[in-house]
Chemist: 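Once you've had a glance at the structure underneath, I'll fire off some questions.
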Amino acid sequence: MNDVNIIDISADQISTHVKDAGVVGAGGAGFPTHVKLSAKAEIVIVNAAECEPLLKTDQQLAARYPDQVVKGLSLSMKATGAQQGIIALKAKYKDAIAVLEPHLTPNMQLAIMPDIYPAGDEVITIWLTTGRRVPPGGIPLNIGVVVNNVQTLINVANAVDGKPVTTRTLTVTGAVNNPITVTVPIGTSMHDVLELAGGIDKDLMYISGGPMMGTLITDLSTPVTKTTGGLIGLPKEHPLIKRKTMTVEAVLRIAKTVCEQCSFCTELCPRHIIGHELSPHRLIRAMNYKSIGDPSLVTTALTCSECGVCEAYACPVGISPLRVNIALKAELRAKGIKYHGELGKEDPMAKHRLVPSSRLMDRLRLRPWYKEAPLSLKVYEPDEVTLKFQQHIGAPAIPVVKVGDVVRVGQLIGEIPEGALGAKVHASIEGSVTQITPQTITIRKGGAAK
Ligand code: SF4
Ligand code: SF4
């Protein structure tokens, strides 16, 4: 770690570098990191839990680049004024633990979490490592904490060295021929990424992200973004694929006809057990008998993390409170309705209600696909990339180049609109800009404008 850099640089300069490099939360929805680092916090947590079954990106990056992870943590602590740094990971990440330990400074510690799902949900990570509880509808900063994942912190460390975010590391696994963890320029198509893992198999369907929270991809020209967590191929008849292809109408019909009100979904809901009002079985009841109950109850759907425990693990009859919540959230957000509620008492049995990852793996019938996906150190170079102007929470970036321009790797191509929350976008390969749409920009290696 280059201590001189960290001592010499001010908190404002760190945030500016991070903003200029286009760093966003790599493990979640892509909240612009410079905004997080501009706030004041007591604790910075590195979320290295990586609790989605099958994904092996952060654990390998932490083992390979411990100095960059710790540098990113030091910079985040300096930017936010935090006095404590915590690297939260699981005991089974032995390689990462062994190499991180010698790099820690006296104000940093490793926090070893149980191998449970969703240890990587930042609200649960904070609770497991500090005992603090984020209020429902709140954010970690409300309780003095900032959380960033491993890849985000590596990007923070690079940002201060003047390197913008131009690549993404992701695990490509499942039933693919050659499970692997690869680094690709942002904007590489899923099609090209699959070629690196042994090619496309027409008997498979593909999930972008993890098995629990990922989404089905129907178009393999979909580009990798700053937040693409993984790419998983599974047979079309796999229960997980069937569940993800079920229509909302079918989900609601099943919820209406077979819910036994057993409340297992609520007893195991990670948000409920730490004292949030969210009770999925009550939401299912409210949906089914619209005339009964408190209308404000429905707004608790807004506090659902979409972890999927209720759907994939808890419900004995195949109902998806998760999908019901997603539908409710869309409706509530469209009407501009917000949740207003207090943090309640923690379930005294909370720690015993967490879902062991190995049981989840069996329940999801993923055991046959649990394979090594070794980290390749080669950065793949596609002939063409298509970068989205919106890979983050906030306003889409606006293009600052035009069709026909020749761009180099790391050159700014999308700027944050004046006064808006957003993130910059940079060219990820060298070449010519061949197309610009309201949503995307395409760059072709050595290509001429269309
Ligand atoms: S676990 Fe399933 S059956 Fe039981 S209350 Fe929840 S949705 Fe209904
Ligand atoms: S997806 Fe289900 S288990 Fe997870 S937070 Fe939402 S309601 Fe709770």
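Whatever order the structure lists ligands and atoms in, that order sets their numbers, starting from 1. Along the sequence shown, the residues carry numbers beginning at 1.
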Chemist: Could you tell me if the side chain of L170 sits less than 4.5 Å from the side chain of L55, heavy atoms only?
Modeler: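 When only atoms from C-beta onward are counted, L170 and L55 do not touch, as no gap falls below 4.5 Å.
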Chemist: Any idea which of C315, A314, S320, G318 brings a heavy atom closest to atom 2 (Fe) of ligand 1?
Modeler: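 Minimum heavy-atom distance to atom 2 (Fe) of ligand 1 goes to C315.
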Chemist: For T171 and T57, which I'm curious about, is there any donor-acceptor pair between the side chains at under 3.5 Å?
Modeler: yes
Chemist: Counting distance only, does the side-chain N/O of E42 pair as donor-acceptor with the main-chain N or O of A82 below 3.5 Å?
Modeler: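 Flag not set: sc E42 to bb A82 has no pair under 3.5 Å.
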Chemist: Can you list the atoms of ligand 1 that are under 4.0 Å from a heavy atom of P316?
Modeler: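 Close to P316: 1 (S).
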Chemist: Which protein heavy atom lies closest to atom 4 (Fe) of ligand 1, and at what distance to 0.1 Å?
Modeler: C262 SG, 2.3 Å
Chemist: Of L194, I232, V193, which is the lone residue that meets side-chain contact (heavy atoms from CB on, under 4.5 Å) with V176?
Modeler: L194
Chemist: Please name the pair of heavy atoms, one in V69 and one in A62, separated by the smallest distance, quoted to 0.1 Å.
Modeler: CG2-CA, 4.1 Å
Chemist: How many protein N, O or S atoms sit closer than 2.8 Å to atom 8 (Fe) of ligand 2?
Modeler: 1
Chemist: For ligand 1, which atoms have a heavy atom of H281 less than 4.0 angstrom away?
Modeler: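 The atoms of ligand 1 under 4.0 Å from a heavy atom of H281 are 5 (S).
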Chemist: Any salt bridge between K424 and E415, counting N to O under 4.0 Å?
Modeler: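 Salt bridge between K424 and E415, a charged N being under 4.0 Å from a carboxylate O: yes.
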Chemist: Could you tell me which residues satisfy salt bridge (charged side-chain N to carboxylate O under 4.0 Å, His left out) with K329, sequence neighbours excluded, listed by chain and number?
Modeler: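 Applying salt bridge (charged side-chain N to carboxylate O under 4.0 Å, His left out) to K329 gives E306.
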Chemist: Could you tell me the separation between the NE2 atom of H238 and the CZ atom of R243, rounded to the nearest 0.5 Å?
Modeler: 9.5 Å
Chemist: Apply side chain to side chain contact (heavy atoms under 4.5 Å, CB included) to residues Y93 and D95 and explain how you reach the verdict.
Modeler: CA-CA 6 Å; Y93 302 158; D95 292 349; over 6 Å; no
Chemist: Salt-bridged, D203 to K236, with N to O below 4.0 Å?
Modeler: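 Salt bridge absent between D203 and K236.
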Chemist: Show the atoms of ligand 1 that are less than 4.0 angstrom away from any heavy atom in Q261.
Modeler: 5 (S), 8 (Fe)
Chemist: Tell me which protein heavy atom sits closest to atom 8 (Fe) of ligand 1, plus the residue, atom name and distance to 0.1 Å.
Modeler: C259 SG, 2.4 Å
Chemist: Could you check atom 1 (S) of ligand 2 against the protein and tell me its nearest heavy-atom contact, residue, atom and distance included?
Modeler: G308 N, 3.3 Å
Chemist: Show the atoms of ligand 1 that are less than 4.0 angstrom away from any heavy atom in V317.
Modeler: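 Taking each heavy atom of V317 in turn, ligand 1 has 3 (S) under 4.0 Å.
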Chemist: Under 4.0 Å from any heavy atom of I319, which atoms of ligand 1 are there?
Modeler: 7 (S)
Chemist: Name the closest protein heavy atom to atom 3 (S) of ligand 1, giving the residue it belongs to and the distance to 0.1 Å.
Modeler: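 I find the closest protein heavy atom is E260 N, 3.4 Å.
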Chemist: Closest heavy-atom contact between M212 and P53?
Modeler: CG-CD, 4.1 Å
Chemist: Using a 4.0 Å cutoff against the non-hydrogen atoms of S263, which atoms of ligand 1 qualify?
Modeler: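 Numbered from 1, ligand 1 contributes 4 (Fe), 5 (S).
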